[in-house]
Structure formats: C-alpha cells, structure tokens
Amino acid sequence: MSAPTPTPRKSFGRLSLPERNFVAEALRTETVGGVLLLLAAVAALLWANIPALGDSYETVSHWHFGPSSLGLNLSVAHWAADGLLAIFFFVAGVELKRELVAGDLRDPKAAALPVVAALCGMIAPALVYTLTAGVGGGSLAGWAVPTATDIAFALAVLAVIGTSLPSALRAFLLTLAVVDDLFAILIIAIFFTDQLNFAALGGAVAGLVVFWLLLRKRVRGWYVYVPLALVIWGLMYNSGIHATIAGVAMGLMLRCHREEGEEQSPGEHIEHLVRPLSAGFAVPMFALFSAGVAVSGDALGKVFTQPETLGVVLGLVVGKTFGIFGGTWLTSRFTRASLSDDLAWPDVFAVATLAGIGFTVSLLIGELAFEDDATMAGSVKAAVLTGSVLATVLATVLLKIRNAKYRKLAEEEERDEDLSGVPDVYEQDDPEYHLRMADILEKKAAEHRRLAREKAAARDALAQVPGGAGDRHDGPA
C-alpha cells in the first residue's frame, strides 16, 4: 500500500477560536494605541513647526532630570526612549514568549512562514539602504533604520481606512511584527553597544536571575517585581547595553502556558495589564518627543536627494514590501505550505506594504545610528515619517481594492446563526451545533407551512365570494 500523500499546510488559514480571540483582543488594544501614536506624532510635528511656540519643543525635550549619582540624569527625550520604551519591549518580550509556547511559533513548520518573512523583510531594506547610500556616497551607519515595522501604527492605519481584514492576515501581521521586534532587539544589542561596564552588566544579570527565581517560586506582588525591574533597568542602562533589552529579558521570563484550572497564564495576565500602559502612554510619549522634526519644502526635498534619507525611504517602501512578500512566496514555494483558498497573493502583497510603516523602533535606531550627528538624525526622522506615509498610501489603495472580498470573509467568520456566542465556522464538528441548527430550521419550516396554509385559505375564501376579486372586472368601460 502506498504511503498517504502529505496534505499541504494552508498558510493564512482560519485561526483556532482561542487564538482568534487572543488576536482580536490584542489588536483592539494595539489599534487604539496606534491612533494615540498617530495623534502624538502629529502633535510633535505641530509643536516643532509652529513659529509661535518658538524653541519650546527642543527646550522641553532636552530638559534633564534624575539622580546624577546613579548615572540617570537624563533628558526628557532620553527618558522616553530608554525608559518608557522598556515597557513597550517588555510587552514585546511577553508576546514573543507566548508565540513560542502557545502561538504559531511553537510549531517549527508553522513558524517558518512568519520567521522567514520577517527575516527577509529586514535583510531586504538593509540591502536597499546600503546600496542607495553606498552608490550616493553617503553614510552606511543607518542601514538598520528601515528594518523595523511599527505594528501599532500599521493597525491604526487599518482602523482608519476601515478595512475588514480577515483574522488570519491580521494574525500574520501581528506575528510578523513580534519576530521583527526580536530581530530589532538583537540589532540594537549587537550593533549599538559601544563600551560595556561589566560591573553594572553583572548586577543587571544578577537582578534578572533573582527575577527568574522569584517567578519560579511563584512569589506574587507588584511591590516585589516593580522595584526589582527598576533596579535591573538602571543597571542595564549603566552597563552600556540599551536599557530596553532589560524589558525584553524580563518579558521572556514570564510563564505563558496555562496550567490546570487557570483561565490565563501569568504572562497573559500581566500582558493584559501592561499592554494598555505601553500602547496608550509609553509609545505615544516616545513619539511625542521623537517625531518633532522641522518640516519644510526644502527639508522634504532633501529626503529624496540625500543618499542616507533616500535609502531609508526606499528601504521602508520597497525593501520591506518585496522582502516580506518574497520571503512568504519562497516559503510557500519550497515547503508544503500553500495559500488559503480564500486569499490571493495580492492580499499578501498588500499586507507586506503595511509592514513598511516604520515608526517607533525605526526612530529609535535612527537616533542611535546618528547620535553624534544631530542634523542627520533629524533628516533620518523626516525620512522615516515620509517612508511611513508613502507605505500607508500604497497599503490603503491596495487594501481598498480587495475590501469587498475582505468584508465577505469577515462576515463569514462572525456569523452565529445558532446564537451560541461562538461563530458557526468553529462549530462544524460539534454535533450539538447541528442539532441546534436543525431545531432552528424546523421552527422556521413550521412557521412557513403555517403561513402557507393561511395564505392558501385566504385565497380560496376570496375566490368563493360572489363578485370577489377573482370575478371583478374593474377595467375601463
């Protein structure tokens, strides 16, 4: 007997119900946070460019506070980038841990698609920037700027244009961004660490060990973990490694698998509590003190004439799109994965353009890459904003073209004819669902039979009445 033919694995297929519910909740928070991020970016641009406000933006951004004795007398902008973004990266660490133990990344075969897509979506923009800057004789220091995707901003764009993107594509975008964040974290840790303070680094590592042991011993109480987290963050900052790495490390240590009797794992519970703080405050505040660049016709013109800034724009718009699309196609081409029957390759291309919206981490890497050149750092920020706007416009056009198809798929995913609270597509294997539907249809059939009898009786009664409607001749004489 011949061996059974392996069934192709469907990429972008329908999610399981628990995964769908988790993704829906995460995306609601990220979408709201993305809108706040957008508002903060607009506020920063207005604040930095309205003449009546003078130099107040720069004054506030560069105002220092904090304990000098601990090496933490930082500017407001520095606190936002190194302090508040640690919260953002903590959530990213929890998301990554959850994906590794309970999400798509727990299965190496399923993880191949988003991992390869994210990796190609970072290599391609770096190559585009390097080629553009190299040919133009510019600095290669900003090669990593266009490699990051801003999931909050991308989801805010989805909310604004009102597209009914299927949950599978939304989940792909979310998973892609989680993997993207991991690689961005590695880039920051490896390429933007100049000098190490080994005493402070050893203290940070010791703090992380204590953090892990407390988690293992099931010690509870925010009053234990928050002070310890602040100490770890301060030591990591003074070690020379970017302080946001501390947030990632602590996020990865949380337990994200559920044990018997648990409705939520500790990681999911803490993420549920911290995500609104990250999306609703930390990231918008970072945007407020990072996106304020001088905008003028001359400045925008230089975005397309300077090799560094042109490389950032092309990296985000062209490199990200074709890198992610190409990585997805290659994975489907050389593995047993195949595209879901409900979707087409233009859908994948449209989502890939959304990944070209780089903001939070791109701005951070831009500051790190050109920290000794304030003028170029400002130009690179303008390039990140320009590239993100262009990617937004392109994604909006492509998604609107397919919006009718998306709306139909979304309606199918939400249909609940038996009123059980669970979409019907997730109950096809449940006998009780079919019994409920049979009961509903039998009641509808009985109602239609009753109506049919009533209408037939009324018609017969009318036909038997002398001079009734059946015998009248009311036409003109």
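Treat the numbers as computed from the prediction; the structure is a model and nothing was measured.
Between G323 and A124, the closest heavy-atom pair is CA-CB, 3.7 Å. Listed here is the closest heavy atom pair of A133 and L140: CB-CD2, 4.0 Å. Counting all heavy atoms, side chain and backbone alike, A44 lies closest to A291 at CB-C, 3.9 Å. In terms of heavy-atom proximity, P125 sits nearest to C120 at CD-O, 4.1 Å. In terms of heavy atoms, A204 sits closest to M236 at CB-N, 3.9 Å. Across all their heavy atoms, A350 and A395 have their closest contact at O-CB, 4.3 Å.
A distance of 11.0 Å separates CG in L208 from CG in L213, rounded to the nearest 0.5 Å. Distance check: L316 CG to T392 OG1 gives 10.5 Å after rounding to the nearest 0.5 Å. Between atom OG1 of residue T328 and atom CD1 of residue I324 there is a gap of 7.0 Å, rounded to the nearest 0.5 Å. The structure places CZ of F89 at 12.5 Å from CG of L84, a figure rounded to the nearest 0.5 Å. Taken from CG in D180 to OG1 in T149, the straight-line distance is 4.0 Å, to the nearest 0.5 Å. One finds the OG1 atom of T386 at 11.0 Å from the CG atom of L310 (value rounded to the nearest 0.5 Å).
Between L399 and I401, the closest side-chain pair of non-hydrogen atoms is not below 4.5 Å. Side-chain atoms of Y225 and L215, non-hydrogen and from C-beta on, do get closer than 4.5 Å to each other. Taking 4.5 Å as the limit, some side-chain heavy atom of L214 sits within range of a side-chain heavy atom of L228. Residues L254 and K97 form no side-chain contact, since every pair of their non-hydrogen atoms from C-beta on lies 4.5 Å or further apart. Considering only heavy atoms from C-beta on, V94 stays 4.5 Å or farther from I270 through its side chain. For the pair H257/E259, a side-chain contact is recorded, criterion being any heavy-atom separation below 4.5 Å from C-beta on.
With hydrogens and angles ignored, the 3.5 Å screen pairs a side-chain donor or acceptor of K320 with a backbone N or O of T147. Remark: side-chain polar atoms of Q306 are not paired, donor with acceptor, to backbone N or O of V303 under 3.5 angstrom. The backbone N or O of K302 lies less than 3.5 Å from a partner atom in the side chain of T309, making a donor-acceptor pair. The main-chain N or O of V274 is never found under 3.5 Å from a side-chain atom of S278 such that the two would form a donor-acceptor pair.
Between F322 and F349, the distance from one ring center to the other falls under 6.0 angstrom. Checked against the 6.0 Å centroid criterion, the rings of Y129 and W143 do not qualify as a close aromatic pair. Between W79 and F65, a ring centre-to-centre spacing shorter than 6.0 Å is recorded.
Ring pair W345/F325 is perpendicular by interplanar angle, where above 60° counts as perpendicular and below 30° as parallel.
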Would D373 and T375 satisfy side-chain contact (heavy atoms from CB on, under 4.5 Å), going step by step from the backbone distance to the final call? CA-CA 6 Å; D373 187 347; T375 301; 3.8 Å; yes
Applying side chain to side chain donor-acceptor pair (under 3.5 Å) to S61 and E58, what does each step give before you reach the verdict? CA-CA 5 Å; S61 296; E58 291 295 324; 5.8 Å; no
Check the pair F90, V248 against side-chain contact (heavy atoms from CB on, under 4.5 Å), reporting the backbone distance first and the verdict last. CA-CA 5 Å; F90 172 79; V248 178; over 6 Å; no
Starting from the C-alpha separation in whole Å, work towards a yes-or-no answer on side-chain contact (heavy atoms from CB on, under 4.5 Å) for E268 and R258. CA-CA 9 Å; E268 291 172 318; R258 300 179 187 180; 3.0 Å; yes
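For H269, the NE2 atom counts as loosely surrounded, since its 6.0 Å shell holds 12 or fewer non-hydrogen atoms of other residues, nucleotides or ligands.
Checking S56 against W47 by side-chain atom types alone, a donor-acceptor pair falls below 3.5 Å.
We find that R98 and E271 are not joined by a salt bridge, their nearest charged nitrogen and carboxylate oxygen being 4.0 Å or further apart.
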Give the table of side-chain donor-acceptor pairs shorter than 3.5 Å for residues 355-371, with sequence neighbours excluded, one pair per line with atom names and distance.
| from | atom 1 | to | atom 2 | distance (Å) |
| --- | --- | --- | --- | --- |
| T360 | OG1 | D150 | OD2 | 2.4 |
| S362 | OG | V145 | O | 2.9 |
| E367 | OE2 | S290 | OG | 3.3 |
| E367 | OE2 | K381 | NZ | 3.3 |

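Screening residues 231-256 for side chain to side chain donor-acceptor pair (under 3.5 Å), with sequence neighbours left out, gives D82-H242, H242-T244, R255-E262.
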